[in-house]
Amino acid sequence: MSVRVRIAPSPTGNLHIGTARTAIFNWLFARRHGGKFILRIEDTDVERSRVEYTENIQSGLTWLGINWDEGPFFQSQRLDLYRAAIQKLLAQGLAYRCYCTPEELEQMRDGQKASNQAPRYDNRHRNLTREQQEAFAAAGRQPVIRLKIDELREIVWQDLVRGEVTWKGSDLGGDMVIARTPEKEGEEFGQPLYNLAVVVDDLDMAITHVIRGEDHIANTAKQILLYEGLGAKIPEFAHTPLILNQAGRKLSKRDGVTSIDDFKQMGFVPEAMANYMALLGWTQPDSTQEIFSLAEAAANFSLERVNKAGAKFDISKLDWINSQYLHQMPAEKLVDLLIPYWEEAGYHSDDRLWLIQLTQLIAPSLTRLQDAGPESRLLFGESVTYSEEARDLLKQEGVQEMMQGVREAIAAWPNLTETEAKKIIDQITKTQKVKKGLVMRSLRAGLMGELHGPDLIQSWLLLNQKGLDLIRLQQALTL
RNA sequence: GCCCCCAUCGUCUAGUGGCCUAGGACACAUCCCUUUCACGGAUGCGACGGGGAUUCGACUUCCCCUGGGGGUACCA
């Protein structure tokens, strides 16, 4: 049977990094086995679901390079399916109506907690007579639907990353709610609940492997019971470790930057993001290989090599991976990614060739795309702000003569090349009888206003193309 | 509280009984390269949570403890 997996996010927020990583694992698994990867939007929580989040999830996945073969499917459009399943369960006597009010349930749990017992539903309405049910209904109460859970049952499954996992029926918290109270008059029951909808959908979509975060591990036991109730074949399960924050807790929205959007805006490229997320909890058969594309990962992916323990999110490693991608990216491609950041910083040029050269110059010093602004600052604009150290150097004995000499030499060469630039520096070195290093440093100070920065010759050539070198040296001479 | 899961350098990890004097990567430090800053290269720093058991031999198997995490909804 061919592999079918899915990612089933709920649109209650922007695409979260944890969801994205689960999506990547699923996608990798599907690609590895020549299967299908399906996108399903779990929007049964009408209160919290929003369309813009649905869009954000899709654009985020696409940005990362995760494409889906089927979907997106929306649970909100599949309510009939769930309704039928609930009815079937009801008809078979596997589920029943519970008329408890939220207040009653709360009171019950409080009592349990007070006597140090695990809070759970005590199945009090499991065996209500027809008369009792009618009495509740007559009193205006609306029922939820609960699935009967056999307290004596042992639920066991072979988890593809964790091995055998066992759960007792009695630890499931009592008969579980599978449908809310009806919202409209005359309805038999209301919206289906997560566990029910998931099972019905996974069944309907013929999902073979459920790969999801470890936080779903307790749901698996409940869902297995649902599969059985519906007389269906149970899929394979694989529970992946969670992505943790610095404190070692499950990464949540409250931890600040956790949505894919955030990382995109911070200047991370999708290839690096995907690479890092895949690396977080999974290793190549050759574990020393850390920089790889999704396609390369797909060729080698296996759940066996997924780690069991949670992994702390480490931004500095992400930074390093991102820098690797930025450094090896062709300038012709990188320049397009950089332009928006230059524009944002207020640096503009229509000269694409010049921008490509600039890109080549600063690429090695980029960690994130947003570094392009600060790293290029000295190359844009006519006037220069001289740093303290640069001023001091420029005021040193003989330095003004050097600058003057360079100015004159520049004027003699209409289109400066690297060879010529070097020749000019050598010439000044000779005529002024100083060390070459001093000429270089002084020239940097005069041209850039600072003592540190990208390669001097290349920077100079870029300025020269715009005639900025003459203007700046002029300014340096007035200090 | 109860249930489940997990446990190797600060972080991500390799390791499936002897190949381990525990390997790699990030971070950090030093050095080299270099006009500077980066990049790149080299070196260093640095871990098997504790206790039992099995075994000729445990990072690797089992048990207990400890620690951490997840779950415990008419959320997903």
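In the text below, chain A, chain B and the rest are named by the order of the sequence lines, each starting its count at 1. As the structure is a computational prediction, the values presented were derived from the model and not from experiment.
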*If you draw the axis of the six-membered ring of A/Phe189, does the NZ or CZ of A/Arg180 fall within 45° of it and under 6.0 Å from the ring centre?*
no
_Closest to the A/Ala309 side chain, choosing from B/A7, B/A76, B/C4_ = B/A7
*Does A/His327 stack onto the base of B/G40, taking stacking as ring centres under 5.5 Å apart and planes under 30° apart?*
no
_Work out how far the C1' atom of B/C20 is from that of B/C9, and round it to whole angstrom._
15 Å
*Think A/Arg162 has a side-chain N or O under 4.0 angstrom from the OP1 or OP2 of B/G69?*
no
*A/Arg109 side chain: which of B/C2, B/C5, B/A73 is closest?*
B/A73
*Closest to side chain of A/Leu456, choosing from B/A76, B/U35, B/G69*: B/U35
*Please figure out whether A/Lys168 or A/Cys100 has its closest RNA chain B nucleotide nearer the 5' end.*
A/Lys168
_Distance criterion of 3.5 Å, no angle test: do you see the side chain of A/Lys317 paired donor-to-acceptor with the base of B/A25?_
yes
*Salt-bridged, A/Asp204 to A/Arg78, with N to O below 4.0 Å?*
yes
*Can you find a donor-acceptor N/O pair under 3.5 angstrom joining the side chain of A/Asp215 to the base of B/A76?*
no
*B/G69, B/A76, B/C39: which one has an atom nearest the side-chain heavy atoms of A/Glu42?*
B/A76
*asked:* Please tell me if A/Ser442 has a side-chain N or O lying less than 4.0 Å from either OP1 or OP2 of B/U35.
replied: no
*B/G15 phosphate, OP1 or OP2: any side-chain N/O from A/Arg305 under 4.0 angstrom?*
yes
*Looking at the side chain of A/Val165, which of B/C5, B/A27, B/G1 is the nearest nucleotide?*
B/C5
*Any idea which of B/G69, B/C74, B/A7 is nearest the A/Arg146 side chain?*
B/C74
*Hey, does A/Ser49 reach any base, or is it just sugar-phosphate, or nothing, if we go heavy atoms under 4.0 Å?*
nothing
*Using atom C1' of each nucleotide, how far apart are B/C62 and B/U55 to the nearest Å?*
12 Å
*With sugar-phosphate meaning primed atoms plus P, OP1 and OP2, does A/Gln324 contact a base, only sugar-phosphate, or nothing at under 4.0 Å between heavy atoms?*
sugar-phosphate
*asked:* By the 4.0 Å heavy-atom rule, please label A/Gly281 as base, sugar-phosphate, or nothing.
replied: sugar-phosphate
*Please tell me which of the listed nucleotides, B/G1, B/C12, B/C74, lies nearest to the side chain of A/Leu280?*
B/C12
*Would you mind reading off the distance between A/Arg153 atom CZ and B/C3 atom C1', rounded to a whole angstrom?*
17 Å
*Nearest to the side chain of A/Leu193, which nucleotide is it out of B/U13, B/G70, B/C74?*
B/C74
*Should B/U60 form a Watson-Crick or G-U wobble pair with both distances under 3.5 Å, which nucleotide is its partner?*
none
*State which of B/U35, B/C12, B/A7 makes the closest approach to the side chain of A/Asp455.*
B/U35
*Under 3.5 Å, is there an N or O donor on one side and an acceptor on the other linking the side chain of A/Thr181 and the base of B/C74?*
yes
*asked:* Closest approach to the side chain of A/Asn307, judged atom by atom: which nucleotide of B/U13, B/C75, B/A25 is it?
replied: B/U13
*asked:* Suppose you measure atom P in B/A7 against the same atom in B/U34; what distance do you get, rounded to whole Å?
replied: 48 Å
_Using heavy-atom distances to pick each residue's nearest nucleotide on RNA chain B, tell me which of A/Gln117 and A/Phe313 is more 5'._
A/Gln117
*Electrostatic pair A/Arg40-A/Asp202, nearest N-O below 4.0 angstrom*: yes
_Looking at A/Gln458, I'd like to know whether one of its side-chain N or O atoms comes within less than 4.0 Å of OP1 or OP2 on B/U35._
no
*Write down the distance separating the C1' atoms in B/G68 and B/U11, rounded off to the nearest Å.*
16 Å
*Compare side-chain N and O positions of A/Ser287 against OP1 and OP2 of B/G24 and report whether any pair is under 4.0 Å apart.*
no
*A/Glu42/A/Arg6 ion pair, N-O < 4.0 Å*: no
*P atom, B/C12 versus B/U43: distance in rounded Å?*
25 Å
*In whole angstrom, give me the gap between the C1' atoms of B/G69 and B/U61.*
25 Å
_At less than 3.5 Å, do the side-chain atoms of A/Gln112 and the base atoms of B/G1 form a donor-acceptor pair?_
no
*For the pair A/Asn56 (side chain) and A/Glu52 (backbone), establish whether a donor and an acceptor sit closer than 3.5 Å, ignoring hydrogens and angles.*
no
*asked:* From CZ of A/Arg249 over to C1' of B/C6, roughly how many Å is that when rounded to an integer?
replied: 15 Å
*Whole-Å gap separating C1' (B/C6) and CD1 (A/Ile217)*: 10 Å
*Could you state the atom-to-atom distance from NE2 of A/His239 to C1' of B/G71 in whole Å?*
11 Å
*Find the distance A/Ile145:CD1 to B/A73:P and express it as a whole number of Å.*
19 Å
*Could you work out the separation of B/A53 and B/G57 based on their C1' atoms and round it to a whole Å?*
15 Å
*asked:* Would you call the rings of A/Phe136 and A/Tyr99 parallel, tilted or perpendicular, taking 30° and 60° as the class edges?
replied: parallel
*Hey, does the side-chain of A/Arg48 have a donor or acceptor N/O within less than 3.5 Å of a partner on the base of B/C75?*
yes
*asked:* Strictly below 4.0 Å: does A/Arg120 bring a side-chain N or O up to OP1 or OP2 of B/A73?
replied: no
*How far does the C1' atom of B/C56 sit from the matching atom of B/G50, given to the nearest Å?*
25 Å
*Closest approach of A/Glu290 and A/Trp320, non-hydrogen atoms and distance?*
OE1-CZ3, 4.2 Å
*Anything under 30° is parallel, anything over 60° is perpendicular, the rest tilted; go ahead and classify A/Tyr227 against A/Phe237.*
perpendicular
*Name the nucleic acid region contacted by A/Ala118, choosing base, sugar-phosphate or nothing; use a 4.0 angstrom heavy-atom cut-off, strictly under.*
base
